[in-house]
Asker: 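Take a look at the following structure, please.
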2 protein chains.
Amino acid sequence: MARPKEFDVEEALDRAMELFRRQGFEGTSMNELQEAMGIGRQSLYDTFGDKKQLFLRSLDRYTARGRETMAAPLFAPDASLPELRRYFEEIVEFLTPRDGNGGCLLAGAIVELGADHPEVASCCRTNQRSLREAIRKALKRAQVDGMIRKEIDCESISLVLMGKLYGMTLLARNGASRAQLRKSVKQLLDMFTS
Amino acid sequence: MARPKEFDVEEALDRAMELFRRQGFEGTSMNELQEAMGIGRQSLYDTFGDKKQLFLRSLDRYTARGRETMAAPLFAPDASLPELRRYFEEIVEFLTPRDGNGGCLLAGAIVELGADHPEVASCCRTNQRSLREAIRKALKRAQVDGMIRKEIDCESISLVLMGKLYGMTLLARNGASRAQLRKSVKQLLDMFTS
DNA sequence: GGAGTTATGGACCGATCGGTCAAGTTAGGA
DNA sequence: TCCTAACTTGACCGATCGGTCCATAACTCC
């Protein structure tokens, strides 16, 4: 081994992730990334490969981060309806920040690259699958405990809720307020709770 | 007046719209547009202005087209629950074409340009407002006729349904099948019908 | 204290970007 | 008929794109 890196790889990746989240893939240039990450051109390419690889790593980090923070309680083995409600509440808050720079890297990735970048598409689908599964389990658990009506099909409702999450990212980007989103979440969730 | 155009403006716009829908704003170059539209460079700029103006006109056309075709029955003065169901069914079909080139120009516009292009954002919001209003009226009418439970708040459910539409564009882009989307629509709509 | 390895900074690459210029062509109106 | 306004064509513009090369610096190991 020789000369150590002068920058923090994880931190640089966070900066890239944030820029991609706000501006999208095509909308962000390597020059902007380099500047935002605070590293030199060559260090960028040596460490992260080309732009697509950097985006993919940012996306991976983004989804992992989401699972570890906001979604963590939902992924807990005993997660139920309260955890689900709390998760949706956190998503609403995340999508409507004070500075107005809402926007979801995952949604951007699906729209912008989902059709022609297999690895990105794969990452997005994997994330959707695991999240949906966590939602389904939480719903089922809540149903067993009598918090959700018996006739509800948790499997298909989990897809409805995934769509709800995606839908909110666009509603938020299109001007919906935190209060509006919060209310729409409550309306939907109350609909199948008993 | 002098020499007439050799190409059909509306048709050229359709081509541009289709390309933007599939590839997004940043993902589509003027060279590609020129080729797809089948016109010369200068004709393009003379007729449509710069890229942003061309995109805006494409977006306008896209939303207008949607209102005139799929959404037309929903906008009818006597639209009710059947029209609403039918509209969602048509959207599902639109989002899951045989060739796999699903994708919604409106969703792309919101994600890619909603944050930093006021005119595009304005167009997206106007479209959302009018569509949501049509949904709300149809819901209300269905409620008066006893097809929807009395305790339902049509105003806020209309936002839930707008979110559902947006959500489906991402679900479709992320691999959801026509059958899955259809089922999720049924699940949601059945939830507040009596 | 070399020797070998990795990181850094900046110049540089061809390609492509959105957009324009100018010369030539085709029509309508006087 | 001929003038002129509008359309077409293709070369061309500077800027920026993603990506690479190379000389130099900084570190570890022998």
Side-chain angles (χ1 to χ4, degrees), chain A residues 1-59 105 108-109 112-113 115-120, chain B residues 1-59 105 108-109 112-113 115-120:
Chain A
M1 289 308 107
R3 184 175 174 185
K5 287 187 195 300
E6 292 180 2
F7 63 95
D8 185 305
V9 173
E10 306 287 301
E11 189 177 320
L13 200 51
D14 277 344
R15 304 280 181 83
M17 188 180 78
E18 179 61 12
L19 210 55
F20 275 136
R21 183 186 69 78
R22 287 208 304 264
Q23 308 182 351
F25 179 79
E26 301 282 0
T28 305
S29 73
M30 291 303 275
N31 281 328
E32 288 176 294
L33 285 163
Q34 168 187 349
E35 194 171 349
M37 297 165 84
I39 65 180
R41 192 77 159 183
Q42 195 60 39
S43 299
L44 203 171
Y45 278 91
D46 281 348
T47 310
F48 301 103
D50 64 13
K51 194 184 181 185
K52 282 185 179 173
Q53 291 178 59
L54 176 58
F55 184 84
L56 196 55
R57 283 194 60 173
S58 299
L59 184 59
L105 180 58
E112 215 172 352
L113 302 171
D116 49 32
H117 193 313
E119 292 188 273
V120 168
Chain B
M1 287 302 110
R3 183 175 174 184
K5 287 188 196 301
E6 292 180 1
F7 63 96
D8 185 309
V9 174
E10 305 289 301
E11 190 178 318
L13 200 51
D14 276 344
R15 305 278 180 83
M17 188 180 78
E18 180 60 13
L19 210 56
F20 275 136
R21 183 185 69 78
R22 287 207 303 264
Q23 308 184 354
F25 179 79
E26 301 282 1
T28 306
S29 74
M30 291 303 276
N31 282 328
E32 287 177 295
L33 286 164
Q34 170 188 348
E35 194 171 348
M37 297 165 85
I39 65 179
R41 191 79 159 181
Q42 196 59 38
S43 300
L44 202 171
Y45 277 93
D46 282 348
T47 310
F48 301 103
D50 65 12
K51 192 183 182 186
K52 282 186 179 173
Q53 291 179 59
L54 176 58
F55 184 85
L56 197 55
R57 283 194 60 173
S58 299
L59 184 59
L105 180 58
E112 215 172 351
L113 301 170
D116 50 30
H117 193 313
E119 292 187 271
V120 168

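By convention in this document, chain letters (A, B, ...) are assigned in the order of the sequence lines, proteins followed by strands, and residues within each chain are numbered from 1. Note that these values count all heavy atoms, side chains included, but never hydrogens, waters or copies made by symmetry.
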Asker: So, taking the atom named CD in Gln53(B) and the one named CD in Glu119(B), what distance separates them when rounded to the nearest 0.5 Å?
Answerer: 8.0 Å

Asker: If I compare all heavy atoms of Arg15(A) with all of Met37(A), which pair ends up nearest, and what's the gap?
Answerer: CB-CA, 4.0 Å

Asker: Quick one: which of dA11(C), dA11(D), dT8(C) gets closest to the side chain of Ser43(A)?
Answerer: dT8(C)

Asker: Identify the two heavy atoms, one from Ala16(A) and one from Leu54(A), that lie closest to each other, and give their separation to 0.1 Å.
Answerer: CB-CD1, 4.1 Å

Asker: Could you give the CE-to-C1' distance, from Met30(A) to dT20(D), as a whole number of Å?
Answerer: 12 Å

Asker: Between C1' on dC17(C) and NZ on Lys51(A), what's the gap in Å once rounded to a whole number?
Answerer: 12 Å

Asker: To the nearest Å, how far apart are Tyr45(A) OH and dG10(C) P?
Answerer: 17 Å

Asker: Check the distance between dC17(D)'s C1' and Gln34(A)'s CD and give it to me in whole angstrom.
Answerer: 13 Å

Asker: In whole angstroms, how far is the P atom of dC13(C) from the CG atom of Asp50(A)?
Answerer: 22 Å

Asker: What is the nucleic acid contact for Asn31(A), judged by heavy atoms within less than 4.0 Å: base, sugar-phosphate only, or nothing?
Answerer: sugar-phosphate

Asker: Looking at the side chain of Phe7(B), which of dT8(D), dC17(C), dC22(D) is the nearest nucleotide?
Answerer: dT8(D)

Asker: Identify which nucleotide among dG18(C), dT8(C), dG19(D) has an atom closest to any side-chain atom of Gln42(A), counting heavy atoms from C-beta outward.
Answerer: dT8(C)

Asker: How close or far is atom P of dG10(C) from atom CG of Leu44(A), stated in whole angstroms?
Answerer: 15 Å

Asker: At 4.0 Å (heavy atoms only), tell me whether Asp46(A) reaches a base, stays on the sugar-phosphate, or touches nothing.
Answerer: base

Asker: In whole Å, I'd like the distance from the CZ atom of Arg41(B) to the P atom of dT16(C).
Answerer: 13 Å

Asker: Please determine which of Leu105(A), Thr28(A), Leu59(A) meets the side chain to side chain contact (heavy atoms under 4.5 Å, CB included) test together with Arg21(A).
Answerer: Leu105(A)

Asker: With rounding to the nearest 0.5 Å, note down the distance linking CZ in Arg41(A) to CE in Met30(A).
Answerer: 6.0 Å

Asker: Between Ser29(A) and dC17(D), is there a side-chain N or O to OP1/OP2 distance below 4.0 Å?
Answerer: yes

Asker: Between P on dG19(D) and CZ on Phe48(A), what's the gap in Å once rounded to a whole number?
Answerer: 15 Å

